[in-house]
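What follows is a short report on a single structure.
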Amino acid sequence: MKQEVPEIFLKPYDSKEHEEKLYQMWEASGFFNPDICVEKGVTKPDAEAFSIIMPPPNANGRLHAGHGTDMTLKDIMTRFHRMQGKKTLFLPGSDHAGFETQGVFEKKLQKEGRSRFGMDREELYQEIWDFVQENKGAMESDLRALGVSCDWSRNTFTLDPEIVTKVQETFVKMYEDGLIYRGRRSIHWNPKFQTSLSDIETMFEDRKTPFYYFKYGPFTIGTVRPETKFSDKYVVVHPNDKRYVEYEHMQELEVEWINGPIKATVIKDEAADMEKGSGAMTITPWHSAVDFELAQKYNLPMEQIIDWNGKLLPVAGEFAGMNITVAREKIVEKLKEKGLLVEVDEDYVNAVRLCERTGVVVEPQVKDQWFVKMDSFAQSVLDQLASGETNILTTTHEKTLRHWMNNSQDWNISRQIVWGIRIPAWFRTIDGKEEMTASLTEPAGEGWMQDEDTFDTWFSSGQWPVLTLRYPDHQDFKTFYPTSVMETGADLVFKWVPRMMMFGKYLTGKAPFKTIYFHGMVLDKHGKKMSKSKGNVLSPIKLGEEFGTDATRMAFVVANPPGADMPLSEDKVRAYKKFANKIWNISRFTLDSVSDMSHDSEPSYSQRDTEILASLADNTKEITEDIEKFRLHLAAEKIYHYIWHELADKILEESKEVINGEDVAAKLARQHVLKECLVTSLKLLHPFMPYVTEAVWQELPKEIRDRDILMVAQWPKSSS
RNA sequence: GUCCGGUUAGCUCAGCUGGUAGAGCGCUACAUUGACAUUGUAGAGGUCACAAGUUCAAGUCUUGUACCGGACACCA
């Protein structure tokens with residue numbers, strides 16, 4: 001009985017016609033959820049687990065090319081393992097992205113002529129919450145458009161009440177375990193956004209800054225920051241510096257300085273670099289991390305010169321109240337008038353520390369903050385790598401991470417912003433004595449005030465695998481922890497990844513993931529960084545609309561090995577759009593060729609038939625292995641190559657003769673072969689190009705498909 | 001300064017455990033009522049930076065050279 005080939009195949013594949021419908025079908029089927037897969041019998045109850053956690057995309061923006069790679073790679077692995085019959089969970093979530101979001105929101109306020117200062121804490125929080133909810137919805141619809149097969153029923157937000165409580169509990173536990181301390185230390189201060197930052201939230205930028213040499217008593221000192229020098233009462237020289245042998249350690253001298261004579265003390269310490277300038281420097285402990293350490297070493301007094309807004313304090317005398325950028329020139333002018341300016345190096349290039357998110361110049365300040373002791377945690381991360389409990393696919397990133405862990409600093413986790421999880425610490429002063437404690441609820445007794453600060457965003461996202469799987473009691477935690485793979489951007493190698501490793505091990509005793517897969521950055525077709533200002537940004541959503549999501553996904557994975565940056569061009573995406581259409585036409589041809597085939601008859605294969613099936617099995621084996629071993633870029637290329645240059649170019653071409661020939665037995669055998677090639681190819685390609693393969697699958701006669709939905713069909717066996 | 005990379009077709013890049021090289025774009029020719037104009041088919045194009053070594057065999061492993069680049073650190 002001849003079956004008509006569905007009409008839909010008569011025109012080229014139109015992604016727009018299918019994608020949304022198919023996603024809705026998948027979602028409605030419930031098969032994104034591993035529990036439902038078990039319930040409905042597509043996964044065995046005792047099947048092995050495969051789990052992957054979505055790095056929470058920030059809830060303040062849309063999906064960009066980086067996310068495109070990220071989500072595509074994860075979804076490929078998810079779909080593959082699901083088809084292999086594993087209990088497969090891809091768990092979605094989003095991150096409140098503390099300071100970053102508040103920064104974005106404050107810019108919005110600025111545009112509206114408003115400011116967060118003076119706003120009520122609750123009111124501000126609520127406004128940001130609403131702002132984020134909107135963006136969060138947009139982000140989630142972007143993920144759906146990309147065909148991401150994650151389990152939306154488990155969608156988690158870092159500010160869900162349950163998560164907030166868990167994060168606070170971790171703080172209390174760490175406080176009680178002595179892993180967190182309150183310290184008065186030199187921190188990075190963002191004067192515009194009024195918060196402290198951790199090292200990794202800052203970056204350096206080379207700027208041409210005049211380098212001034214001033215006369216300081218008998219010394220010549222060099223500086224790029226005269227505005228901090230008002231109360232510099234200590235001059236440091238190297239103990240071996242022959243120029244200064246006549247001065248002794250702690251010797252006092254009277255020197256003429258900015259606002260008149262002061263008493264200066266000589267410090268001899270190896271921190272002074274004899275090669276640099278005159279070899280003598282004065283120190284400003286409050287506004288320099290290096291100076292701060294020296295001051296601590298010798299127990300020197302510290303004085304704040306610049307206030308929290310970047311203006312000079314009364315210690316600056318006539319310059320008090322001035323913004324430091326304005327004050328600098330005036331101070332230099334005054335020193336020049338006093339004859340204390342020796343020389344100016346106008347070509348000096350200085351590395352200025354900036355806030356990574358906002359570009360604001362960061363001011364070192366001394367402040368009481370919460371710090372995580374990193375020694376034991378850094379060791380824990382190193383141990384996880386050394387023992388092989390966690391394996392990083394790319395050795396170069398493993399080296400980077402090791403290097404970072406061997407040089408880790410204590411981590412400042414307090415932020416002076418409201419958008420985040422409030423630190424559950426309490427302070428009070430009783431009889432002039434300060435007390436503090438950590439507790440989820442207000443401690444007993446009078447006068448306790450909760451810390452106003454919130455956690456650094458990485459403090460919560462660092463616990464993500466543990467939090468999303470509902471440690472410690474939930475069944476998800478028992479089934480899916482440790483997660484199988486952490487696939488994320490290489491830029492997170494020392495931001496997010498080690499924090500998850502330290503928290504995961506600390507809280508559960510087990511590393512949070514077995515394998516770490518880093519992908520690189522998506523660059524433009526010339527290998528340049530994508531940026532809005534250059535106008536070379538490619539949006540995965542727009543590419544999907546123009547060329548189809550399948551084509552976009554293929555472009556993100558082919559020739560994109562772990563760890564390396566990848567240039568992306570529209571041409572590349574367009575090429576895979578052609579491929580989607582090729583699948584469409586192969587399917588049409590095959591369905592037409594097998595339309596009068598008898599499915600229950602036993603074929604008698606020719607030698608060539610056997611060869612074709614053997615080659616199919618070989619390809620299946622290689623592609624399966626490539627995916628299992630995280631060589632997704634090779635698997636994608638192989639399936640592409642097989643379908644186009646073997647199946648279409650050779651097998652289909654040579655089959656025309658057999659199908660149209662007189663030999664009924666040979667025709668029947670070849671029909672079985674073609675059917676097998678099509679079904680297997682669709683399955684192999686499905687993780688990469690889910691839409692077009694599913695669209696074809698839905699048109700296949702029931703006799704030749706093992707499940708109604710390709711997404712949960714059984715992965716082909718590689719041995720024939 | 002410390003630590004990492006890279007050098008393969010005109011361009012941008014793949015190439016897993018060593019077996020004389022691949023993709024996309026570009027280029028050339030042919031093909032349009034028989035799966036495919038949202039094109040297809042065929043083809044040209046590479047002493048795999050250089051040198052030495054290991055090996056029966058090196059783009060692939062080792063060492064060195066040259067030239068590019070990245071990350072981190074540094075505000076005297």
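Residue numbers start from 1 in every chain, and the chains themselves are labelled A, B, ... in the order their sequence lines are given, proteins ahead of strands. As a basis for the values below, the full set of heavy atoms in this structure was taken, side chains included, without hydrogen atoms, waters or symmetry mates.
Among the atoms of the strands shown, only primed sugar atoms or phosphate atoms (P, OP1, OP2) are found under 4.0 Å from some heavy atom of A:Phe494. A:Asp273 comes within 4.0 angstrom of a base, heavy atoms only. Using a 4.0 Å heavy-atom criterion, one finds that A:Ala564 contacts the sugar-phosphate atoms exclusively. At the heavy-atom level, A:Asn581 lies under 4.0 Å from the strands shown only through sugar-phosphate atoms. Residue contacts for A:Val557: at a heavy-atom cut-off of 4.0 Å it reaches no nucleic acid atom on any strand shown. Residue A:Lys656 is classed as a base contact, given a heavy-atom separation below 4.0 Å to a base. Across all strands shown, A:Ala272 has heavy atoms under 4.0 Å from base atoms, whether or not it also approaches the sugar-phosphate. Looking at heavy-atom distances under 4.0 Å, A:Phe211 makes contact with sugar-phosphate atoms alone, never a base. A:Ala636 comes within contact range of no nucleotide atom at all, as no heavy-atom separation falls under 4.0 Å.
Using the Watson-Crick or G-U wobble rule with both distances under 3.5 Å, B:rA51 pairs with B:rU63. In a base pair of the Watson-Crick type (N1 to N3 plus N6-O4 or O6-N4) or a G-U wobble (N1-O2 and O6-N3), with each distance short of 3.5 Å, B:rU17 is matched with no nucleotide. B:rU2: Watson-Crick or G-U partner is B:rA71, with both key distances under 3.5 Å. Base pairing annotation: B:rU39 forms a Watson-Crick or G-U wobble pair with B:rA31, both donor-acceptor distances under 3.5 Å. Taking a pair to require two hydrogen-bonding distances under 3.5 Å in either a Watson-Crick or a G-U wobble arrangement, B:rU12 pairs with B:rA23. Base pairing of B:rA57: no nucleotide in any strand meets the Watson-Crick or G-U wobble criterion (both distances under 3.5 Å). Using Watson-Crick or G-U wobble geometry with both donor-acceptor distances under 3.5 Å, B:rG45 finds no partner in any strand shown.
Only the P atoms considered, B:rC13 is 39 Å distant from B:rU32, to the nearest whole Å. Remark: the separation of the P atoms in B:rG59 and B:rU20 is 10 Å, to the nearest Å. When the C1' atom is compared between B:rG6 and B:rA49, the two are found 11 Å apart, to the nearest whole Å. Nucleotides B:rU47 and B:rC4, compared at atom P, are 33 Å apart to the nearest Å. A gap of 12 Å separates the C1' atoms of B:rG46 and B:rG10, to the nearest Å. Straight-line distance between the P atoms of B:rA31 and B:rG45: roughly 23 Å, to the nearest whole Å. Comparing B:rC75 with B:rC61, their C1' atoms are spaced 45 Å from each other, to the whole Å. Comparing B:rG64 with B:rC3, their P atoms sit 15 Å apart, to the nearest whole Å.
When rounded to the nearest whole Å, the span between CG of A:Asp649 and P of B:rU39 equals 16 Å. The separation between A:Asp206 atom CG and B:rA73 atom C1' is 12 Å, rounded to whole Å. One atom, CD1 of A:Ile639, and another, C1' of B:rA14, lie 18 Å apart when rounded to the nearest Å. One atom, CG of A:Asn560, and another, C1' of B:rG22, lie 17 Å apart when rounded to the nearest Å. B:rA76 atom P lies 17 Å from atom CD1 of A:Ile267, rounded to whole Å. The distance from atom CG of A:Asp232 to atom C1' of B:rC75 is 14 Å, rounded to the nearest whole Å. The nearest whole Å value for the distance from the CZ atom in A:Phe518 to the C1' atom in B:rA71 is 13 Å. Residue A:Lys582 contributes atom NZ, which lies 8 Å from atom C1' of B:rU39 at whole-angstrom precision.
Both the sub-6.0 Å distance and the 45° axial angle are satisfied by A:Lys367 relative to the ring of A:Trp308.
Not one side-chain nitrogen or oxygen of A:Lys572 sits closer than 4.0 Å to the OP1 or OP2 atom of B:rC11. OP1 or OP2 of B:rU41 lies within a sub-4.0 Å distance of a side-chain N or O belonging to A:Trp644. The phosphate of B:rA71 has neither OP1 nor OP2 within less than 4.0 Å of any side-chain N or O from A:His397.
In the set B:rG24, B:rC75, B:rC72, the nucleotide with an atom closest to the side chain of A:Arg353 is B:rC75. Of all nucleotides listed (B:rC75, B:rC25, B:rC36), B:rC25 comes nearest to the side chain of A:Ala575. Checking B:rA23, B:rC36, B:rC74 against every side-chain atom of A:Tyr640, the shortest atom distance belongs to B:rA23. Of the candidate nucleotides B:rC13, B:rG15, B:rA35, B:rG15 has the atom lying nearest to any side-chain atom of A:Pro561. For A:Pro567, the listed nucleotide lying nearest its side chain is B:rC13; candidates were B:rC13, B:rC75, B:rU38. Taking every side-chain heavy atom of A:Ala559 into account, B:rA14 is the closest of B:rG24, B:rA14, B:rU41. Closest contact between the side chain of A:Leu634 and the listed nucleotides B:rC36, B:rC16, B:rU39 involves B:rC16. Of the candidate nucleotides B:rC75, B:rC4, B:rC72, B:rC4 has the atom lying nearest to any side-chain atom of A:Thr396. Considering only the side chain of A:Met281, B:rA76 comes nearest among B:rC72, B:rC74, B:rA76. Closest to the A:Val290 side chain, of the nucleotides B:rA35, B:rC75, B:rA23, is B:rC75.
For A:Tyr213 and A:Asp345, the side-chain atoms include no donor-acceptor pair closer than 3.5 Å. No side-chain donor from either of A:Arg553 and A:Thr72 sits under 3.5 Å from a side-chain acceptor of the other.
Ranked by how close their nearest RNA chain B nucleotide is to the 5' end, A:Tyr576 and A:Pro12 are led by A:Tyr576. The nearest heavy atom of RNA chain B to A:Val236 and to A:Asp199 marks one nucleotide each, and the one closer to the 5' end goes with A:Asp199.
Only one option out of A:Leu73, A:Val522, A:Leu632, A:Val573 pairs with A:Phe556 in a side chain to side chain contact (heavy atoms under 4.5 Å, CB included); it is A:Val522. None of A:Ile76, A:Ile516, A:Thr515, A:Asp70 except one satisfies the side chain to side chain contact (heavy atoms under 4.5 Å, CB included) rule with A:Glu487; the exception is A:Asp70.
Relative ring orientation between A:Phe9 and A:Trp584 is described as tilted, the plane-to-plane angle lying within the 30° to 60° band.
Between the side chain of A:Glu653 and the base of B:rA35 there is at least one donor-acceptor pair of N/O atoms closer than 3.5 Å. A donor and an acceptor atom sit less than 3.5 Å apart, one in the side chain of A:Arg631 and one in the base of B:rC16. In this model, no side-chain donor or acceptor of A:Lys399 finds a partner on the base of B:rC3 within 3.5 Å.
Counting non-hydrogen atoms of neighbouring residues, nucleotides and ligands closer than 6.0 angstrom, the CD atom of A:Glu20 reaches no more than 12 such neighbours.
Look at A:Arg574 and A:Asp571 and you find a salt bridge, because one of the NZ, NE, NH1 or NH2 atoms lies within 4.0 Å of a carboxylate O, short of that distance. A salt bridge does not link A:Glu676 to A:Arg670: none of the charged nitrogens lies less than 4.0 Å from a carboxylate oxygen.
Rounding to the nearest 0.5 Å gives a distance of 12.0 Å between OG of A:Ser655 and NZ of A:Lys667.
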